[in-house]
Amino acid sequence: MPAMTATAPGKVILFGEHAVVYGRPAIAAPVNQVQARAVIQAEPRAVAGSVHVQAPDIHLDVMLADLPGDHPISLTVRSVLVEYGLTRSPACTIRVTSTIPIASGLGSGAAVAVALLRAFSAFLGQPLPNERISALAFEVEKIHHGTPSGIDNTVITYAMPVYFVHGPARNTIELISVSVPITLVIGDTGVPSPTAQAVGDLRHAWQSDPKRYEPLFDRMGWITQMARQAIVDGRPELLGDLMNQNQDILSQVGVSSPELDRLVSAARAGGASGAKLSGGGKGGNMIALALPAVATQVARALKEAGAVRTIITTIK
Ligand code: PMV
């Protein structure tokens with residue numbers, strides 16, 4: 001049997017991170033320059049049910065049965081078996097690799113889950129539809145995020161820019177068609193920052209003073225709606241100022257950091273028309289809006305200000 005392979009991209013949040021956890025809209029887009037990959041190889045000579053897991057990026061080389069039940073890879077594989085009413089898997093080796101930096105706001109956890117759900121369900125002969133892939137990846141996201149909004153699994157599953165609202169009963173998901181391409185420069189602070197921590201800290205602050213945080217979440221929601229309109233109307237030049245406003249509020253709610261602030265300032269000084277953190281914050285990555293002609297210059301400015309790596313990507 002040939003090996004079954006699936007990939008999933010990284011992602012950035014353009015607008016509305018954190019506020020999205022509280023029911024306000026957010027916009028996210030895939031980043032195809034980095035990706036997670038899952039390869040499933042049948043092992044016809046091994047006994048049924050024996051699943052060998054290799055994830056060299058996290059130094060994992062074990063049998064599935066020896067992984068804790070709440071390990072993301074274990075949870076992902078088992079969720080597919082449960083989906084199809086299977087009690088054990090055909091013998092196989094699962095190899096998971098990723099070029100998406102871990103705990104840095106680029107969606108590595110969701111991308112690994114999506115790639116593995118796709119590859120493993122296809123290996124079983126029944127590829128899952130996107131809706132189920134996204135729903136199962138959301139369950140895995142709870143390990144990484146605590147109380148995720150669902151935006152990461154959604155944008156990574158559909159691999160298209162999305163306008164997303166997390167609702168109490170159901171989410172609103174609008175796939176956005178981008179009429180004028182948007183060039184972004186992504187800068188990595190190199191400071192790992194688990195999303196669950198940033199989300200949890202903000203939740204505590206909000207619980208103790210909702211009157212202070214609710215209007216700030218509202219403002220982020222309005223900024224996101226204006227950004228959606230600008231993207232749909234093909235007016236990316238309006239996005240820079242909106243990004244700066246969004247960053248200002250993210251700082252006020254306490255999820256920026258000195259390293260992020262330094263990269264944001266450097267990007268603006270280097271020619272970007274706007275810049276903000278992206279994702280959970282307190283470290284991880286930031287994004288800058290740049291005309292294609294100045295993107296390399298902005299990337300250079302970010303490197304000089306301490307970015308451990310930069311990616312130039314086009315949202316379309
Ligand atoms: O840090 P990331 O890329 O996983 O993004 C988290 C986005 C948040 O809005 C902070 C949390 C969420 O679940 O939406």
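Just so you know, ligand 1 is whichever comes first in the structure, and atom 1 is the first atom listed for that ligand. Index from 1, following the sequence. No experiment lies behind these values; they were computed from the predicted model shown.
- Set against the non-hydrogen atoms of P148, the atoms of ligand 1 under 4.0 Å away are 13 (O).
- Nearest heavy-atom pair, L75 versus E139, reported as atom, atom and distance to 0.1 Å: CD2-O, 4.3 Å.
- The hydrophobic cluster containing V114 also contains Y158, counting ILVMFWY residues as joined when their side-chain heavy atoms lie under 4.5 angstrom apart, directly or transitively.
- Listed by atom number, the atoms of ligand 1 under 4.0 Å from G280 heavy atoms are 1 (O), 2 (P), 5 (O), 6 (C), 10 (C).
- In terms of protein heavy atoms, atom 6 (C) of ligand 1 is closest to T195 CG2, 3.5 Å.
- Counting atoms of ligand 1 from 1 in the listed order, those under 4.0 Å from a heavy atom of G105 are 1 (O), 2 (P), 3 (O).
- Atoms of ligand 1 found under 4.0 Å from any heavy atom of E17 (numbered from 1 in listed order, with element): 9 (O).
- The minimum heavy-atom distance linking A275 with R268 is given by the pair O-NH2, 3.1 Å.
- A tilted orientation is assigned to the rings of F217 and Y213, their planes being inclined by 30° to 60°.
- V80 and L86 fall within the same hydrophobic cluster, where Ile, Leu, Val, Met, Phe, Trp and Tyr residues are linked whenever their side-chain heavy atoms come under 4.5 Å apart, directly or through other members.
- Here the shortest heavy-atom distance to atom 7 (C) of ligand 1, taken over I13, V12, I151, L250, belongs to I13.
- Of the N and O atoms on the side chains of D57 and S98, not one donor lies less than 3.5 Å from an acceptor on the other residue.
- Between D152 and A110 the shortest heavy-atom distance is CB-CB, 3.9 Å.
- Applying side chain to side chain contact (heavy atoms under 4.5 Å, CB included) to S149 and the options E17, H166, E141 leaves one that passes, H166.
- Atom 8 (C) of ligand 1 has its closest protein heavy atom at H18 N, 3.9 Å.
- Residue S149 approaches ligand 1 through these ligand atoms, each under 4.0 Å from one of its heavy atoms: 12 (C), 13 (O), 14 (O).
- Taking distance alone, with nitrogen or oxygen atoms compared against 3.5 Å, D152 approaches ligand 1 more closely than that limit.
- Contacts between H166 and ligand 1 below 4.0 angstrom, taking non-hydrogen atoms only, are absent altogether.
- Assignment of K11 to the shell around ligand 1 is supported, since a heavy atom sits closer than 4.0 Å.
- The V20 neighbourhood of ligand 1 comprises atoms 9 (O), 14 (O), with distances under 4.0 Å to a heavy atom of that residue.
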